[in-house]
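Residues take their numbers from the sequence shown, with the count starting at 1.
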Amino acid sequence: MATLDADLVARKLGYACVQDLILHLPMRYLDETHLTPLRDVRMGVDVQVEGIVVHAEVQNRPRRQLLVEIAESAAPASSHLHFRLLHFYPSQLSQLQPGVRVRLFGEVRPGFFGAEMVHPQMRVVRENTPLPATLTPVYPAVAAFSQNAIRKAVEIALQQADLSETLPDNVLEKLFVGCGYRRVGASSERSEPHHLPRHEERCGSYLTASYVLPSFADALRALHHPQPDADLNALETQTTPAWQRIKFDELLAQQLSLRLAARQRDQLSAVSLAGDGGLSERLLAALPFALTAAQGRSLQEIRRDLARPHPMNRLLQGDVGSGKTLVAALTLLPALAAGGQVAVMAPTEILAEQLFLKMREWLQPLGMEVAWVAAALKGKAKKENLARIAAGEIHVAVGTHALFQAGVSFANLTLTIVDEQHRFGVGQRLALREKGSEAGQTPHLLMMSATPIPRSLAMSYYADLDVSVIDELPPGRTPIATKVLPLKRRDEVVGRLRDYCQSGAQAYWVCPLVEESEKLQLRAAEESHVELTDLLPELNIGLVHGRMKSEEKAAVMAAFKAGEIHLLVATTVIEVGVDVPNAALMVIEHAERYGLAQLHQLRGRVGRGARLSTCLLLYGDALSDSGRQRLRIIKEHADGFAIAREDLKLRGPGEFMGARQSGQQILRFANLETDLDLLQAARDVAEELLTHQPEVADRHLARWLPRGLDYLRA
Ligand code: ADP
Ligand code: MG
């Protein structure tokens, strides 16, 4: 194969050049290193056999195929085997004459004539044709190319690429022989997803590695061409030392690039925001409550960041209802006092709207202009808002990601606040950063989330984030009684709703999730609305869902907030941020279809006022074991962190955050769930290299990220 063809294979497989194919690693292997005598073949096992054609004929039933019988040798009593080729060329038919020797690889199954192979890999060979010395790789493939073509291209890559070691001996030795970087306890700490490690944290006790990891070149050889005695199971589960080495290298590249991105960010300058000219005293004085200790602590951490002349990059984590919005409002006061503008972004219109109303309520009395920006905002109102933002007349702009689209420009953006940040994709986060850096000064960034980040993600994708945690709820919260009931008792529930709402309380009715289709979910919501209106004529029943125009949504939410609507039928649009203290009952239909985090978020809409709150989880007939388990967890736990911990046990961190948001797909080989120890080691080595051997870091990055990885910086 010419380099040119190999280049084509590489590009069709999604690589930039042939050399990149060295990291096109096999999915599995064929053991073609020895032959199994025909008499020894076992059913259901892949084997390689050789024999002499006795007979070959084309059959037309049940479909056209070539049936061939082979014998171990010419001796009369030797063993026989049949094989069928389902696709074949006329040339193969003429080739398979009696006496011709063939080598087959495939699974042996019981067939009409005894043992047979269906469409094995076949080759005509001469007697004593040498066998390969190593296992045969099977690569991830794309249509157009045969395994053979890919194998040849990879061979060329292995010959042409630079396989030299990027890591110096001192690192390799410390890593994998004797006393390594690997630590005891890494896996047990997984049960505390909210424990966010700090760079300076050291646990001291190191684990002695029981194996020595190979060099980069040896690892590649061991993966592309394993020795015949290699542990196939360990290879395929990617747990051999060679795999560990490759995964470590990948994780190291990731850690290095994250750290470099963080350093670059540290070199950016931002407006230093110290003090707010008494604005927070005025805001707090107008509130009927005082900050909780945890809110105060988080605010202090945030204010310390704001005072620095570098952009803040902080995550504020706090359970549903812990009062993040107020902390956000207090965070933006120093920016306003300094004459800057603030953008506040939320993932959905409903949520953004809630934020907008809160901010306006709190900030307008301080003389600040708060404006609303969403995709749904059209025409004159939009034009006017955008013009006032551009002119610097608006102090705080609240909205969805529409805030960061082209056409929106700020006169003096100094701070951006993002609510429920994990719901934004990597791309949106990146757009936000780019928007910020248009001006010479980079805005400070505060992100907020109710979903605790699992430790593995905290150490990887969120490695350069500072974190504040609000770990207490405001006082006087009434606990929410959670009950689990079969849907059969729905009528009973509807009956009780009547009395409940007539006593002056309000309630939510959450419709079943229809994962496959937003449209179907919408229909379910509309049907429930009609049905409940029918059954409860004495109540005023509202409907809110994601497909409504935002003015319609706003009108319904405002009526609910004002107490004009007794019962609000809703889809998951109310999942986050909605805050109506008088609503103290929530019914969730088909609760078993929801995930734990979602149920917790939904339930967090009640328990916000003085009334005793109740959440009724109605489940359908087909309740699976895991569904039952999820409902039990929600019933038994009120604390979001505890729920997240249980969730992690059930699902693992990959699924936990949703691969799309977590950016897990960026890692090709390492798996954050199973390779936590390697990640930990990579983190330590990255720090050491950047401090003491930056040229090594450069070399390593050049191999793994030759074209840079901008999106890691999002
Ligand atoms: P979340 O953290 O889920 O975004 P919110 O910011 O919506 O929570 O706050 C939930 C409710 O708690 C709001 O009604 C808010 O006004 C109220 N709240 C916030 N801080 C306090 C406090 N320190 N004491 C009493 N209530 C508070
Ligand atoms: Mg909130």
Side-chain angles (χ1 to χ4, degrees), residues 1-2 5 9 12 26-155 225-226 228 232 236:
M1 180 185 264
D5 299 330
V9 173
K12 279 276 152 60
M27 305 176 288
R28 54 192 181 84
Y29 303 89
L30 308 177
D31 185 355
E32 297 177 319
T33 60
H34 65 273
L35 292 169
T36 304
L38 285 186
R39 63 181 176 280
D40 291 342
V41 298
R42 279 184 298 134
M43 299 293 169
V45 181
D46 277 348
V47 285
Q48 180 170 247
V49 298
E50 214 174 276
I52 296 159
V53 174
V54 178
H55 179 74
E57 70 175 63
V58 176
Q59 283 190 339
N60 282 306
R61 250 171 293 224
R63 52 176 285 193
R64 191 175 151 80
Q65 52 183 283
L66 178 58
L67 180 67
V68 186
E69 182 181 3
I70 58 169
E72 184 93 65
S73 69
S78 82
S79 302
H80 282 225
L81 178 86
H82 284 81
F83 72 93
R84 299 165 188 279
L85 294 184
L86 304 178
H87 316 279
F88 59 94
Y89 300 107
S91 60
Q92 283 176 307
L93 179 56
S94 50
Q95 200 181 23
L96 292 172
Q97 294 299 323
V100 164
R101 177 172 287 272
V102 290
R103 192 175 278 179
L104 308 174
F105 189 97
E107 184 189 330
V108 180
R109 299 186 203 163
F112 186 75
F113 304 101
E116 72 168 29
M117 282 182 177
V118 178
H119 212 77
Q121 179 182 307
M122 186 203 77
R123 200 150 68 100
V124 171
V125 291
R126 264 182 269 132
E127 202 170 354
N128 298 326
T129 300
L131 291 159
T134 56
L135 301 179
T136 311
V138 179
Y139 292 103
V142 285
F145 298 111
S146 67
Q147 280 295 329
N148 264 333
I150 298 176
R151 281 174 198 143
K152 283 183 188 146
V154 172
E155 258 351 276
H225 303 297
L232 269 183
E236 281 167 24

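Side chains of H225 and E155 form a contact here, defined as non-hydrogen atoms less than 4.5 Å apart. Side-chain atoms of N148 and R151, non-hydrogen and from C-beta on, do get closer than 4.5 Å to each other. Between V118 and R109, some side-chain heavy-atom pair lies under the 4.5 Å cut-off. A 4.5 Å side-chain heavy-atom check between R64 and V58 finds at least one atom pair inside the cut-off. Contact of the P137 side chain with the L30 side chain is not registered, since no non-hydrogen atoms from C-beta on lie closer than 4.5 Å. Under the 4.5 Å side-chain criterion, counting only non-hydrogen atoms from C-beta, T136 is not in contact with Q147.
For the atom pair CG of L232 and OH of Y29, the computed distance is 8.5 Å after rounding to the nearest 0.5 Å. With values rounded to the nearest 0.5 angstrom, I70 atom CD1 is found 5.0 Å from L81 atom CG. The line from CG of L96 to CZ of F88 is 10.0 Å long, rounded to the nearest 0.5 Å. Atom CG in D46 sits 8.0 Å away from atom CE in M117 (nearest 0.5 Å). Here the straight-line distance linking atom CE of M122 with atom CD of Q92 works out to 4.5 Å at 0.5 Å rounding. Here NZ of K12 is found 12.5 Å from CD1 of I150. Values are rounded to the nearest 0.5 Å.
Residues A133 and P228 share a closest heavy-atom pair of O-CD, 3.1 Å. Nearest approach of V125 to E50, heavy atoms of both residues: CG2-CD, 4.0 Å. Residues H34 and L131 approach most closely at CA-CD1, 3.8 Å, considering heavy atoms. E72 approaches R39 most closely through the heavy-atom pair OE1-N, 3.8 Å. Taking both residues in full, the closest heavy atoms of L86 and R63 are given as O-NH2, 3.5 Å, listed atom of the first, atom of the second, then distance. Taking each heavy atom of L38 and V49 in turn, the nearest pair found is CD2-CB, 3.7 Å.
The aromatic rings of F113 and H82 lie parallel to each other, their planes meeting at an angle below 30°, with 60° marking the opposite boundary.
With Q65 as reference, R84 is the one residue of E57, H119, R84 to meet the side-chain hydrogen bond (donor to acceptor under 3.5 Å, both in side chains) rule.
The backbone N or O of T129 lies less than 3.5 Å from a partner atom in the side chain of R103, making a donor-acceptor pair. No side-chain donor-acceptor contact under 3.5 Å links E69 to the backbone of V54. The backbone N or O of S73 lies less than 3.5 Å from a partner atom in the side chain of S78, making a donor-acceptor pair.
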